[in-house]
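Before any comments, here is the structure.
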2 protein chains.
Amino acid sequence: MTGLPIRAHNTSGYEAPSGLTAEPVVFALVHGELTVLLVRRVHEPFRGMWGLPGGFVGYGEAPEETAQRKLTEKTGVGQIYLEQLKTYADPGRDPRGWIAAIAYLALIPAHSLQGYASGEGGPLSDAGAWWPVASPPELVFDHDAMIRDGVDRLRGKLWYSNIAVGLLPHEFTMPEARHVYEEISGMQYEPSNFRRELIASGLVQRTGGRVMGKSGRPADCYAFIDSTPSWSERRSRIPARKTEKTGQQ
Amino acid sequence: MTGLPIRAHNTSGYEAPSGLTAEPVVFALVHGELTVLLVRRVHEPFRGMWGLPGGFVGYGEAPEETAQRKLTEKTGVGQIYLEQLKTYADPGRDPRGWIAAIAYLALIPAHSLQGYASGEGGPLSDAGAWWPVASPPELVFDHDAMIRDGVDRLRGKLWYSNIAVGLLPHEFTMPEARHVYEEISGMQYEPSNFRRELIASGLVQRTGGRVMGKSGRPADCYAFIDSTPSWSERRSRIPARKTEKTGQQ
DNA sequence: GCAATAGTGTCTTTAAGACATTATGGG
DNA sequence: CCCATAATGTCTTAAAGACACTATTGC
């Protein structure tokens, strides 16, 4: 907690924050468990404590670029799914002063992780580690809230979008997909019904491949039709549609 | 477009935005039509043009407070539903320089509007007006995107939350509620099925009152059980639940 | 063949969509 | 009584949940 709070203002006389950060909340599946990427802070305040791998947005930089850049620095993967989560800008959230933080949700597919994560909380490039979202360490600032919001978003969109694309490898089997969905949602799915639902969503397609597990019948391979996460076309059967009157949909 | 872009930075040497604004996207129903509150800008740039009733966040102020304050100044209503939508901070979005904007979704119940809106786009306190979201005027900055995002959020949450609380009066009839839902979603609902769905959601309750229209049978009055918008308890029947194994829900 | 796991089929239950019927006001 | 509108009931269709059964591997 070195440094006193600082005040900035612009030439119009308006007060301004003294910094804007982008904070990627990066999820990945490590050994089937939903984990979040955390790094040890190298600067004060809270040096050495765990936090999200974010950083300050530079002049002329889009915050999303910042998030992408920081993420690539730490994980080596680039061009991955990023979605704005929420902005945290309440006074007092950062002891250095008035600093606003834009949190982003990011997902890393399992196959991209080879060589980076080596087990439970295994270290990666720069003092970073994958921590289970179920049992994170003590976190700096309000990063715990950011992770919570990230998990909530992931859960909320799971069945309405193909957001799971971001976590699954390009090709996957139904049991694999099921475990991912179960891990995220915290629910148990009946295998045959899960299959039916996922296929009915229209998001996945058989690839023709098959994969053998330790034992038992080999599993068919599937892939998401759209590789970029987006909202599903799935007609959620929510409201009782009236016998069509106008041209409205 | 007076004034040159300005650069600010904090004493740590990090570059910082030269301002942070809160922009409430305020929706209300005027004569059954979904409208958004817009004001004419009194300052440069784009003086005289229409924009959201936002303003700069002051030092020590939470952005949500700013939004609430600005909103109260313009409409006279306070303590209404506010929900963070998205932050816009890309370079070039504001000709004055690097200014980040946090957009908020706000809803004003029909009964609070008496005396403020007087018809289609009628003026209120300070050069403000309710504009139909279907046909807004030309807007400053990226305020059109903010309104679009607001409408999307409203639509998305309509059946999963009691967000409509914010737009409906305390007591309302089924036909009233139906019209609101139809206006927001752009769909037509079959009256008896709409009733069944809304009651099944567990969000509303009969109050005992009845209201007579111009003719026909009087309508029963209902009210939302929770007056603060929140997520619904409604079991959306999305995934095929497995015969319960663990204690997980 | 047996264990283990994946895939297919189908029966039951329940919710959604359609629509007829009844109820309650004003002329 | 007739018109207009709201409320109720119910029939049909389709999706979700449960679970039996078949298929394909290794041992």
Side-chain angles (χ1 to χ4, degrees), chain A residues 32 158-160 171-182 185 187-223 232-245 248-249, chain B residues 32 158-160 171-182 185 187-222 232-246 248-249:
Chain A
L158 191 60
W159 280 103
Y160 298 106
E171 276 200 330
F172 54 87
T173 65
M174 278 293 167
E176 274 169 16
R178 182 158 47 86
H179 290 131
V180 170
Y181 275 66
E182 287 179 346
S185 68
M187 304 191 66
Q188 299 266 28
Y189 301 117
E190 198 285 319
S192 82
N193 293 337
F194 175 88
R195 165 193 309 278
R196 189 215 285 150
E197 288 290 313
L198 192 51
I199 289 171
S201 75
L203 298 173
V204 303
Q205 206 172 25
R206 287 201 48 172
T207 62
R210 347 190 88 203
V211 168
M212 286 179 283
K214 316 169 206 193
S215 72
R217 174 174 175 173
D220 297 339
C221 289
Y222 290 80
S232 156
E233 287 307 314
R234 186 159 181 248
R235 69 265 156 273
S236 52
R237 235 182 122 192
I238 296 149
R241 222 164 273 99
K242 197 173 190 174
T243 35
E244 50 179 314
K245 271 183 171 176
Q248 289 184 310
Q249 212 240 69
Chain B
L158 191 60
W159 282 103
Y160 297 105
E171 275 201 330
F172 54 87
T173 65
M174 278 292 166
E176 273 169 15
R178 182 160 45 87
H179 290 131
V180 170
Y181 276 65
E182 287 179 339
S185 68
M187 303 191 66
Q188 298 265 32
Y189 301 116
E190 199 284 319
S192 84
N193 293 336
F194 176 88
R195 165 194 310 278
R196 190 215 285 150
E197 287 291 312
L198 192 53
I199 290 171
S201 76
L203 298 174
V204 303
Q205 207 173 24
R206 287 199 47 171
T207 62
R210 352 187 85 203
V211 168
M212 286 178 284
K214 316 170 206 192
S215 71
R217 176 174 174 174
D220 296 340
C221 288
Y222 289 80
S232 155
E233 287 306 314
R234 185 160 181 246
R235 70 268 156 267
S236 52
R237 235 181 125 190
I238 296 153
R241 223 163 272 101
K242 198 172 189 173
T243 37
E244 51 178 315
K245 272 183 169 175
T246 68
Q248 290 183 312
Q249 212 241 66

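Within every chain, numbering begins at 1; the chains are lettered A, B, ... in the order of the sequence lines, protein sequences first and strands thereafter.
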Quiz item: Between atom CG in A:Asp220 and atom P in D:dT25, what is the gap in whole Å?
Solution: 10 Å
Quiz prompt | Whole angstrom value for the distance that separates P of D:dA16 from CG of A:Leu198 | solution = 12 Å
Quiz item: Rounded to the nearest 0.5 Å, how far does CZ of A:Arg217 lie from CZ of A:Arg210?
Solution: 6.5 Å
Exercise. Provide, to the nearest angstrom, the distance between the CZ atom belonging to B:Arg210 and the P atom belonging to D:dA6.
Key: 12 Å
Quiz prompt | Residue met sooner reading DNA chain C from 5', once A:Gly216 and A:Met174 are mapped to nucleotides | solution = A:Gly216
Practice problem: Assign A:Thr173 to base, sugar-phosphate, or nothing according to its heavy-atom contacts below 4.0 angstrom with the strands shown. | Solution: nothing
Quiz prompt | Base D:dC27 paired with A:Ser215 side chain (donor-acceptor, <3.5 Å) | solution = no
Quiz item: What is the distance, rounded to the nearest whole Å, between atom CD of B:Glu176 and atom P of D:dA7?
Solution: 11 Å
Quiz item: Which heavy-atom pair separates A:Val211 from A:Thr173 by the least distance, and what is that distance?
Solution: CB-CG2, 4.2 Å
Exercise. Take atom CD of B:Glu197 and atom P of C:dT14, then tell me their distance rounded to the nearest Å.
Key: 16 Å
Exercise. Step through it carefully: locate the ring centre of B:Tyr181, locate the ring centre of B:Phe194, and say whether they are under 6.0 Å apart.
Key: yes
Exercise. Let me know the distance between CZ of A:Phe194 and C1' of C:dA6, rounded to the nearest Å.
Key: 14 Å
Practice problem: Would you kindly give the CD1-to-C1' distance between A:Ile199 and C:dG9, to the nearest whole Å? | Solution: 13 Å
Self-check item: Heavy-atom donor-acceptor pair, B:Glu171 side chain to B:Gly209 backbone, under 3.5 Å
Solution: no
Quiz item: Relative to the 5' end of DNA chain D, which residue comes earlier, A:Arg217 or A:Ser192, by the nucleotide with the nearest heavy atom?
Solution: A:Ser192
Quiz item: Could one point to a donor on the side chain of B:Asn193 or the base of C:dA18 with an acceptor on the other under 3.5 Å away?
Solution: yes
Practice problem: Using only heavy-atom distances, decide whether a donor-acceptor pair under 3.5 angstrom links the side-chain of A:Arg196 to the base of C:dG9. | Solution: no
Self-check item: Residue B:Arg178, side-chain heavy atoms: nucleotide from C:dA6, D:dA6, C:dG26 that is nearest
Solution: D:dA6
Quiz prompt | Gap between atoms CZ and C1', on B:Arg195 and C:dT22 respectively (whole Å) | solution = 13 Å
Practice problem: Among D:dT8, D:dT25, C:dT24, find the nucleotide with the atom closest to the side chain of B:Pro218. | Solution: C:dT24
Exercise. Would you check if the distance from the ring center of B:Trp159 to the ring center of A:Tyr160 is below 6.0 Å?
Key: no
